[in-house]
Amino acid sequence: MENKFKYTAEFEINASSKMIFPYLSTALGLKTWFADKVIAEDEKLYDFFWDGRLQKARKVAQKTNQYVKFEFAPEETETIKNNSYLEFSLQENEITQTSFLKVVDYSDNDSNDLQEMWKGLIENLKEKVGA
């Protein structure tokens, strides 16, 4: 079993939570900035594709405009208790309409790789929401 790393970061995005949330919680939104392709099998089951590789995930929690969590299906060698997961939480400054996106990525990528990867991903997201 590989070691997992927990990467946590917060990013400021000049857009409202209502504007950002669909990009974090829907297949259509996620495929515009996060993965090469995302297919929702139903409300909870998602197929993510990166470089032609499929990774299945289940949406295990959601609070509209505030929070969403995806838990990825275990690889053959992993135990069910150590699944990779991804959490997005949004907090909005009501006065400035600026949102803070907190990302928690628990996966087998090391934290240096994750830091660079997330910087690029968040720049893509900002571009898509016009922030």
Side-chain angles (χ1 to χ4, degrees):
M1 184 165 75
E2 293 185 39
N3 288 331
K4 299 278 186 175
F5 297 91
K6 186 174 182 179
Y7 172 77
T8 304
E10 205 168 285
F11 303 92
E12 184 174 6
I13 301 176
N14 293 320
S16 71
S17 296
K18 287 179 186 174
M19 183 180 227
I20 298 167
F21 194 73
Y23 287 93
L24 308 176
S25 61
T26 66
L28 182 62
L30 287 161
K31 82 174 187 181
T32 64
W33 70 279
F34 181 65
D36 298 334
K37 184 176 173 183
V38 181
I39 300 169
E41 294 181 31
D42 60 29
E43 287 183 13
K44 297 208 181 261
L45 297 176
Y46 289 74
D47 292 338
F48 289 86
F49 294 87
W50 289 278
D51 300 324
R53 269 192 53 212
L54 166 65
Q55 182 70 56
K56 291 192 169 285
R58 175 180 296 276
K59 188 188 291 183
V60 294
Q62 177 175 314
K63 187 168 184 182
T64 304
N65 298 327
Q66 293 179 23
Y67 178 82
V68 65
K69 181 178 180 178
F70 293 95
E71 190 172 277
F72 290 90
E75 298 291 332
E76 293 173 22
T77 59
E78 291 183 287
T79 64
I80 291 173
K81 293 180 182 177
N82 199 30
N83 286 355
S84 295
Y85 64 85
L86 180 62
E87 293 177 343
F88 296 118
S89 4
L90 285 166
Q91 287 198 321
E92 187 174 329
N93 181 322
E94 299 286 331
I95 297 167
T96 65
Q97 292 294 294
T98 297
S99 296
F100 291 90
L101 171 60
K102 181 180 179 182
V103 174
V104 178
D105 184 342
Y106 181 70
S107 64
D108 53 11
N109 295 317
D110 88 15
S111 54
N112 292 330
D113 292 343
L114 288 171
Q115 185 173 5
E116 287 305 310
M117 181 188 82
W118 278 107
K119 277 184 188 177
L121 287 170
I122 296 301
E123 287 306 312
N124 291 345
L125 176 60
K126 286 179 178 181
E127 210 172 274
K128 297 299 177 191
V129 298

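All values reported here derive from a predicted model rather than from experimental measurement.
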Can you tell me if [X] uses its side chain to pair, donor with acceptor, with the backbone of [Y] under 3.5 Å?
X	Y	result
Lys37	Asp47	no
Lys59	Ser25	yes
Glu71	Val60	no
Asp105	Tyr7	no

Please determine, by modelled atom types, if [X] and [Y] share a side-chain donor-acceptor pair under 3.5 angstrom.
X	Y	answer
Tyr67	Glu87	yes
Thr8	Lys102	no
Lys69	Tyr85	no

Going by heavy atoms in the side chains, are [X] and [Y] under 4.5 Å from each other?
X	Y	result
Leu90	Gln66	no
Asn14	Val129	no
Phe49	Ile39	yes
Ser99	Met19	no
Glu92	Asn65	no
Trp33	Leu24	yes
Tyr23	Ile13	no

| Do you know the tightest heavy-atom contact between Asn83 and Lys4? | C-NZ, 4.3 Å
| query | What do the steps show when you test Phe21 against Gln62 for side chain to side chain contact (heavy atoms under 4.5 Å, CB included), and what is the final call? | reply | CA-CA 10 Å; Phe21 194 73; Gln62 177 175 314; 3.7 Å; yes
| In this structure, are over 12 heavy atoms from other groups packed under 6.0 Å from Glu43 atom CD? | no
| task | Please check if atom NZ in Lys126 has more than 12 non-hydrogen atoms from other residues, nucleotides or ligands closer than 6.0 Å. | result | yes
| note | With sequence neighbours left out, the residues meeting ring pair (Phe, Tyr, Trp, His ring centres under 6.0 Å) with Phe11 are none
| field | With sequence neighbours excluded, residues passing ring pair (Phe, Tyr, Trp, His ring centres under 6.0 Å) with Phe72 | value | Phe48
Once you round to the nearest 0.5 Å, how far does [atom1] of [X] lie from [atom2] of [Y]?
X	Y	atom1	atom2	value
Leu101	Glu10	CG	CD	8.5 Å
Phe34	Phe70	CZ	CZ	8.5 Å
Tyr46	Leu30	OH	CG	7.5 Å
Thr32	Leu125	OG1	CG	7.5 Å

Is there a chain of hydrophobic side chains (I, L, V, M, F, W, Y, each step under 4.5 Å between heavy atoms) that links [X] to [Y]?
X	Y	result
Trp118	Ile20	yes
Ile122	Phe100	no
Leu121	Trp50	yes

| request: Start with the C-alpha distance between Glu41 and Lys56, add both sets of side-chain angles, then the distance that settles salt bridge (charged side-chain N to carboxylate O under 4.0 Å, His left out), and finish with yes or no. | output: CA-CA 10 Å; Glu41 294 181 31; Lys56 291 192 169 285; 2.8 Å; yes
